[in-house]
Amino acid sequence: MAKYLLNDAVSLPETAFELSEHLGFSSTKPAMWAWYEMAGSVLSHYVVDQQARLTGLFNWFYNDLGFCARDNYFSVEAADLSYCVLKRQGNSTTLSILLILLAKQLDLTLEAILLPGNTVLKSQINDVVKYYDPLTGKELNRHQLHALVRGEVGNAAKLKPSHLKPATLKRLISRMLHELKAGCIVNQKFESAMECCNLLLQWHPDDVHLNRERAFIAQQLGCIKVAMSDLQHFIDLSPHDPVIELVKIQLKELSQHTEVYH
């Protein structure tokens with residue numbers, strides 16, 4: 001797989017399409033043409049009233065174009081923005097990205113809110129803040145937002161102000177990469193999952209949990225020394241982590257394996 005370097009000069013949808021091609025999922029050019037067609041067509045829905053403009057965008061996106069959640073929600077395809085724009089199916093992150101970009105074409109601001117396990121949209125029009133489910137376009141109240149957090153973290157979880165902080169572009173693309181990585185693991189595309197980890201570690205070199213994930217992926221590929229190195233790194237930098245004893249056992253078991261070269 002050709003080396004691809006993430007940097008801070010990222011843009012949407014270009015960076016997402018390029019990542020998809022780099023990982024071997026979709027070609028950039030067809031996705032870009034599909035995006036250009038949508039970006040031009042949405043302009044016909046411009047009206048003076050901002051809230052009516054946003055409602056019109058949602059109606060066009062979900063009803064006319066038929067965008068929806070992909071049935072195989074945790075698949076690579078659902079997390080791939082190129083696939084989303086071409087097939088009009090995605091997960092909460094890919095659908096959010098498209099709506100953010102289309103709203104920008106209409107001089108509207110939508111922001112991504114990265115709740116645990118779910119991406120939702122935030123709109124602020126005339127000082128009125130509203131949240132929307134990107135899978136349906138329906139408005140979400142704070143009780144529903146809290147339910148999403150509890151469903152992912154546990155019933156005791158609180159809805160914190162930090163949960164509702166809009167995501168930077170870098171964090172949004174990072175979430176997309178995490179979801180691509182998870183889809184690759186589910187589909188046993190371990191080489192692509194490994195590359196997702198490598199890309200994420202460029203931006204988040206201090207996230208030792210990525211090293212632990214990469215160790216698992218490396219083990220599936222038979223790269224035992226890489227797995228051992230990542231586990232040792234995790235142990236060295238997170239000596240008080242709740243799973244540290246389990247990681248030590250994993251490392252001891254791996255040390256008894258023979259390296260398989262690829």
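Just so we're clear, the structure is a prediction, and the values are computed from it rather than from any experiment.
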Might you work through the side chain to side chain contact (heavy atoms under 4.5 Å, CB included) test for Asp8 and Trp203, ending with a clear yes or no? CA-CA 8 Å; Asp8 291 326; Trp203 271 352; 3.7 Å; yes

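- Under the 3.5 Å distance criterion, the side-chain polar atoms of His146 are matched with a main-chain donor or acceptor of Ala157.
- The two atoms that bring Asn91 and Ala79 nearest to each other are ND2-CA, 3.6 Å, heavy atoms only.
- Tyr132 and Gln51 make their closest contact through OH-NE2, 3.3 Å (heavy atoms, listed as atom of the first residue, atom of the second, distance).
- Across all their heavy atoms, Ala218 and Val226 have their closest contact at CB-CG1, 3.9 Å.
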Can you list the steps and then say if Lys130 with Val128 is a side chain to side chain contact (heavy atoms under 4.5 Å, CB included)? CA-CA 7 Å; Lys130 294 183 179 181; Val128 177; 4.1 Å; yes

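- Here the NZ atom belonging to Lys170 is positioned 10.0 Å from the CG atom belonging to Asn7, to the nearest 0.5 angstrom.
- Thr119 and Thr93 share a donor-acceptor pair across their side chains, judged by distance under 3.5 Å alone.
- No side-chain heavy atom of Leu57 sits under 4.5 Å from any side-chain heavy atom of His45.
- Panel note: side chain His163, backbone Lys160; a donor-acceptor pair is recorded below 3.5 Å.
- Atom CG of Asp49 sits in a crowded spot, with more than 12 heavy atoms from other residues, nucleotides or ligands closer than 6.0 Å.
- Between Glu191 and Glu195 there is no side-chain heavy-atom pair separated by less than 4.5 Å.
- Considering only heavy atoms from C-beta on, Ile185 comes within 4.5 Å of Ile217 through its side chain.
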Please test Leu43 against Gln105 for side chain to side chain contact (heavy atoms under 4.5 Å, CB included), starting from the C-alpha separation and ending with a verdict. CA-CA 7 Å; Leu43 295 174; Gln105 294 292 108; 4.3 Å; yes

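- In this structure a side-chain-to-backbone donor-acceptor pair under 3.5 Å is present from Ser44 to Ser41.
- Contact of the Cys84 side chain with the Leu98 side chain is registered, since non-hydrogen atoms from C-beta on lie closer than 4.5 Å.
- For the atom pair OH of Tyr83 and OG of Ser26, the computed distance is 9.0 Å after rounding to the nearest 0.5 Å.
- At least one donor-acceptor pair under 3.5 Å links the side chain of Ser75 to the backbone N or O of Asn72.
- Distance alone, capped at 3.5 Å, is enough to place a donor-acceptor pair between the Gln202 side chain and the Leu6 backbone.
- Here Leu5 is tied to no hydrophobic group at all, with no ILVMFWY side chain closer than 4.5 Å.
- Residues Phe17 and Glu14 fail the side-chain proximity criterion, which asks for heavy atoms closer than 4.5 Å.
- Evaluation of the salt bridge (Lys or Arg N to Asp or Glu O under 4.0 Å) test over residues 209-220, restricted to residues two or more places apart or in two chains, returns Lys181-Glu213, Arg214-Asp230.
- Note that OG of Ser82 is 13.5 Å distant from NZ of Lys29, once rounded to the nearest 0.5 Å.
- Looking at every heavy atom in both residues, Val76 comes nearest to Cys184 through CG2-N, 3.4 Å.
- A donor-acceptor pair under 3.5 Å is formed between the side chain of Thr168 and the backbone N or O of Arg171.
- Other residues, nucleotides and ligands contribute over 12 non-hydrogen atoms within 6.0 Å of the CD atom of Gln220.
- Grouping Ile, Leu, Val, Met, Phe, Trp and Tyr by side-chain contacts under 4.5 Å, direct or through others, puts Val129 with Ile113, Leu115, Val120, Tyr131, Leu140, Leu145, Leu148, Val149, Val153, Leu159, Leu164.
- Remark: Lys87 NZ is loosely packed, at most 12 non-hydrogen atoms of other residues, nucleotides or ligands lying under 6.0 Å away.
- Interatomic distance, Glu139 CD to Phe58 CZ, rounded to the nearest 0.5 Å: 9.5 Å.
- The two residues Ser174 and Leu200 make their nearest non-hydrogen contact at O-CD2, 3.7 Å.
- Side chain of Arg70 to main chain of Gly90: no donor-acceptor pair is present (N/O by atom type, distance under 3.5 Å, no hydrogens or angles).
- Taking the side chain as every heavy atom from C-beta outward, Asn59 and Asp64 never approach each other to under 4.5 Å.
- Taken to the nearest 0.5 Å, the OH atom of Tyr4 stands 4.5 Å off from the CG atom of Leu19.
- For Ser92 and Asn118, the side-chain atoms include no donor-acceptor pair closer than 3.5 Å.
- Between Asp241 and His209, some side-chain heavy-atom pair lies under the 4.5 Å cut-off.
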Determine, step by step, whether Ile244 and Phe234 satisfy the side chain to side chain contact (heavy atoms under 4.5 Å, CB included) criterion, reporting the C-alpha distance in whole Å, the side-chain angles of both residues, the deciding distance to 0.1 Å, and the verdict. CA-CA 8 Å; Ile244 195 69; Phe234 181 91; 4.2 Å; yes

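- At least one donor-acceptor pair under 3.5 Å links the side chain of Glu21 to the backbone N or O of Thr28.
- At a threshold of 4.5 Å between non-hydrogen side-chain atoms, the residues Tyr62 and Leu99 count as touching.
- The CD atom of Glu77 lies 10.0 Å from the OG atom of Ser20; values are rounded to the nearest 0.5 Å.
- Closest approach of Leu81 to Ala16, counting heavy atoms only: CD2-CB, 3.5 Å.
- A donor-acceptor distance shorter than 3.5 angstrom exists from the side chain of Arg53 to the backbone of Val48, with no hydrogens or angles considered.
- Judged by distance alone, the side chain of Asn187 and the main-chain N or O of Lys189 form no donor-acceptor pair under 3.5 Å.
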